[in-house]
Structure formats: structure tokens, C-alpha cells
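Remember, it's a predicted structure, so these values are computed and weren't measured experimentally. Chain letters run A, B, ... following the sequence lines, proteins first, then strands; residues in each count from 1. Note that these values count all heavy atoms, side chains included, but never hydrogens, waters or copies made by symmetry.
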Amino acid sequence: MTTSETTFAATAAGLVTPVLHWYDEHARDLPWRRPDASAWSVLVSEFMLQQTPVARVLPIHDAWLRQWPTPAALAAEAAGEAVRAWGRLGYPRRALRLHAAAAAITDQHAGRVPSAYDDLRALPGVGDYTAAAVAAFAYGQRQVVLDTNVRRVLARAVAGVEFPARSVTRAERDLGATLLPEDPPTAATWSVAVMELGALVCTADRPRCDGCPVRRLCAWQAAGAPAYDGPPRPAQAYAGTDRQCRGRLLAVLRDAPGAVTRAHLETTWDEPVQRERALGSLVADGLVVATADGRYALP
DNA sequence: GATGCGTGGAC
DNA sequence: TGTCCAAGCAT
């Protein structure tokens with residue numbers, strides 16, 4: 001190991017204890033983190049939190065768990081009810097996938113959220129992050145959990161750059177594995193702690209470095225907090241896009257008690273070509289179904 | 001690996 | 001006000 005690699009590893013290892021202590025004092029009290037939270041509650045939270053802020057998830061998660069306290073309860077419903085209950089959380093395909101995951105859990109895992117990473121990863125809508133997160137947070141396993149928060153903390157504290165690469169790199173996985181404490185429950189706490197640090201302190205915009213427990217160790221701070229100089233991230237347009245059009249159409253169906261007419265849908269979007277394309281894509285995704293009488297409804 | 005996929009809050 | 005972005009996933 002070279003001198004620089006030795007220094008790198010020592011710096012990285014020094015992050016763990018301060019972050020654990022910081023988490024002990026500053027962790028938010030979130031429903032899915034409580035000791036009595038079920039694995040199902042954790043799984044639902046992870047679906048909802050994909051690309052969605054905690055504040056918007058809280059009320060929907062609460063209502064969801066009241067309505068469907070178990071995977072089997074959700075699996076017994078029509079998928080459209082899941083889409084309806086999803087409300088305006090965004091990315092409604094997640095509701096469909098969560099419903100499909102509940103069905104798979106009911107059919108293939110006797111109604112119990114699986115604990116093995118590979119079983120979780122095989123569920124609809126569960127990728128590398130969500131599988132690792134549920135294994136760690138619901139079952140206390142030792143897993144490398146890499147989300148946007150963790151990746152940003154490591155990019156700054158260890159690599160000395162403001163933002164991580166566009167996609168997860170081999171180096172990040174190796175670093176995550178190196179940092180992970182040996183003891184499984186401690187590893188699981190570290191994973192949630194470093195995520196929380198990214199969410200509350202080491203934020204994308206205006207990080208609160210004054211309150212950071214590892215400021216002294218941070219490579220980005222040591223370098224003078226240089227601005228990001230990588231390729232610009234493409235701005236995600238929304239106004240006038242198919243995504244907005246889909247959102248409008250689906251909102252009409254969510255708010256209607258049953259099927260709606262094509263004429264009703266047409267009032268929500270002026271441009272006919274785009275409207276038809278969006279409606280077609282919603283049907284293709286399974287978020288909307290055409291009824292026998294030519295109307296449209298949730299599945 | 002690049003795209004498409006919602007929504008609303010913060011500035 | 002427009003811009004950015006928030007615990008990703010599937011294709």
C-alpha cells in the first residue's frame with residue numbers, strides 16, 4: 001500500500017466514530033426508524049423516499065400503513081387503489097411496483113418481507129440501494145448502503161470533491177465496504193448515520209459545515225471547498241413535457257371515483273398529439289386501463 | 001451508460 | 001421567477 005493510500009484509508013476510517021456520535025444526538029425520529037417499526041414499514045418508506053423528500057413522504061406513509069398494515073393487505077387490493085393512495089408523491093409507477101412487490105411477498109415469501117439481499121433485490125421496484133437499505137435498516141444487517149446522501153458525504157470527506165460521479169463507481173463500492181464496521185448492528189447504524197449526515201448537514205446546496213462532526217477530516221474542506229468542475233448535470237425540464245401531461249391525466253383519474261370519459265381527459269391538456277402519446281404510455285405502464293365502453297380508469 | 005419517469009419546496 | 005433538486009429504478 002502506498003503512503004497516499006495509507007493516509008486515505010486512515011482518514012476514511014476516522015469518519016465512523018464521530019458520525020456515529022453525531023447521529024446519536026441528531027437523528028430524526030422517523031416512523032420507519034422506531035424500534036417497533038415493521039420490515040413492511042421500512043420497505044414502504046424506501047419506495048416512497050426514492051427521489052422524494054421526507055417531509056412529503058411522512059403523511060402518505062402513515063396513511064398507507066394504516067390502510068395496509070401488511071403486504072398481504074395491500075396485495076388483496078386492486079393496483080389502482082395503490083395508485084390512488086400514492087396521491088401526489090410523484091413517480092406513480094412506484095405505487096404499481098410496491099403493489100407488485102406486496103403480491104410477490106405474499107405469494108413467494110409467506111407474507112413476510114424477505115431479509116436476504118438477493119430476495120429483496122428480486123422484488124419489483126427494488127434496486128441495489130433499496131435492497132441494501134431494507135436489509136440494513138429492517139434487519140440490522142451489514143450492507144454497503146450507497147444513496148445520493150452517502151455518495152455526497154464520501155465524495156466530499158474522502159475524495160475532496162463537491163459532488164460524486166453521475167453513477168456509482170467501483171471505487172465508491174470499495175470505499176463503502178472499507179468503511180463498514182465489522183459488527184452488523186454497528187454497521188447498520190453507520191449506514192443510516194452517514195445518510196442522515198448527508199441529508200441534514202452535508203447537503204447538496206449550502207452544506208452546514210459548521211455543524212459537521214468530521215469537518216477536521218474532510219478532504220473537501222482541506223482543499224478549500226472547491227466548486228464542482230465536472231460535466232454539468234442536465235436540467236430536468238418539466239413544464240410542457242410528457243411527464244407533466246401524464247401527471248395531469250393521472251390526477252384526473254385519481255380524483256374520480258370510477259372511469260372517466262376521453263372527453264374529460266381532453267380538458268386537461270390542449271396539445272392532442274402529446275396528450276395521446278402520454279395516455280398511451282400510461283396504459284403501456286399499466287397505470288391506466290381502457291374500459292369496455294371506451295372510458296379510462298385506474299387499474 | 002443514457003433516458004424517462006412527478007411533484008412541490010426553497011432560494 | 002426560473003432553477004435546482006429530493007433515501008432510484010427499469011429499460
Self-check item: 5' priority, DNA chain C, between A:Ala204 and A:Asp128 [closest heavy atom]
Solution: A:Ala204
Quiz prompt | Heavy-atom contact window of chain A on DNA chain C, given 5' to 3' at under 4.0 Å | solution = C:dC4 to C:dA10
Exercise. Scan A:Leu30 against the nucleic acid and name what it touches under 4.0 Å (heavy atoms): base, sugar-phosphate only, or nothing.
Key: base
Exercise. Can you tell me, in whole Å, how much space there is between the P of C:dC9 and that of B:dG8?
Key: 23 Å
Practice problem: With DNA chain B as reference, determine whether A:Thr241 or A:Val168 sits nearer its 5' end, using the nearest nucleotide of each. | Solution: A:Val168
Practice problem: Ignoring hydrogens and angles, state whether a donor on the side chain of A:Gln50 or A:Thr130 is under 3.5 Å from an acceptor on the partner side chain. | Solution: yes
What's touching nucleotides 7-11 of chain B from the protein side, N or O pairs under 3.5 Å?
from: B:dT7; atom 1: OP2; to: A:Tyr238; atom 2: OH; distance (Å): 3.1
from: B:dT7; atom 1: O2; to: A:Arg56; atom 2: NH1; distance (Å): 2.6
from: B:dG8; atom 1: OP1; to: A:Arg88; atom 2: NE; distance (Å): 2.4
from: B:dG8; atom 1: OP2; to: A:Arg88; atom 2: NH2; distance (Å): 3.3

Exercise. Describe the nucleic acid contact of A:Arg151 in one word from base, sugar-phosphate, nothing, applying a heavy-atom distance below 4.0 Å.
Key: nothing
Quiz prompt | A:Arg152 and A:Thr203: side chain donor to acceptor below 3.5 Å | solution = no
Quiz item: Listed in order of residue number, which residues of residues 256-281 of chain A have a non-hydrogen atom at under 4.0 Å from DNA chain B?
Solution: none
Exercise. Before accepting this row, confirm whether a basic side-chain N of the pair A:Arg215/A:Asp210 lies closer than 4.0 Å to the acidic partner's carboxylate O.
Key: yes
Practice problem: Please list all pairs passing the ring pair (Phe, Tyr, Trp, His ring centres under 6.0 Å) test where one or both residues lie in residues 71-111 of chain A, with sequence neighbours left out. | Solution: A:Trp64-A:Trp86
Quiz prompt | C:dA7 and B:dC11, which share atom name P, separated by this distance in whole Å | solution = 16 Å
Quiz item: Reckon A:Ser167 touches a base, only the sugar-phosphate, or nothing at all at heavy-atom distances under 4.0 Å?
Solution: nothing
Show the atom names and distances, to 0.1 Å, of all donor-acceptor pairs under 3.5 Å that link a side chain in residues 112-123 of chain A to residues at least two apart or in another chain.
from: A:Tyr117; atom 1: OH; to: A:Asp128; atom 2: OD1; distance (Å): 2.9
from: A:Arg121; atom 1: NE; to: A:Asp128; atom 2: OD1; distance (Å): 2.9
from: A:Arg121; atom 1: NH1; to: A:Val126; atom 2: O; distance (Å): 3.1

Self-check item: Close residues, residues 34-42 of chain A, relative to DNA chain C [heavy-atom separation under 4.0 Å]
Solution: none
Quiz item: How far does OG of A:Ser167 sit from CD of A:Glu172, to the nearest 0.5 angstrom?
Solution: 8.5 Å
Quiz item: Distance only, no hydrogens: is a donor on one side chain within 3.5 Å (strictly under) of an acceptor on the other, for A:Trp220 and A:Glu162?
Solution: no
Practice problem: Determine the contact category for A:Trp86: base if any of its heavy atoms lies under 4.0 Å from a base atom, sugar-phosphate if only primed atoms, P, OP1 or OP2 are that close, otherwise nothing. | Solution: nothing
Quiz item: Is A:Val126 touching bases, backbone alone, or none of the nucleic acid, heavy atoms closer than 4.0 Å?
Solution: sugar-phosphate
Quiz item: Rounded to the nearest 0.5 Å, how far apart are CG of A:Leu179 and CG of A:Leu154?
Solution: 6.0 Å
Self-check item: salt_bridge(A:Glu276, A:Arg262) N-O dist < 4.0 Å
Solution: yes
Self-check item: Flag for A:Arg243-A:Tyr238: side-chain donor and acceptor within less than 3.5 Å
Solution: no
Practice problem: Check every strand shown and say whether A:Ala133 touches a base, only sugar-phosphate, or nothing at a heavy-atom separation below 4.0 Å. | Solution: nothing
Quiz item: If you measure from the C1' atom in B:dG1 to the same atom in C:dG8, how many Å do you get, rounded?
Solution: 15 Å
Quiz item: Looking at A:Arg142 and A:Asp183, does any basic side-chain N land under 4.0 Å from a carboxylate oxygen?
Solution: no
Quiz item: Going from CZ on A:Arg166 to CZ on A:Arg151, what distance comes out if it is rounded to the nearest 0.5 angstrom?
Solution: 10.5 Å
Self-check item: A:Asp29 bridged to A:Arg33 by N-O distance under 4.0 Å
Solution: no
Quiz item: What do you reckon, is CZ of A:Arg28 surrounded by more than 12 foreign heavy atoms closer than 6.0 Å?
Solution: yes
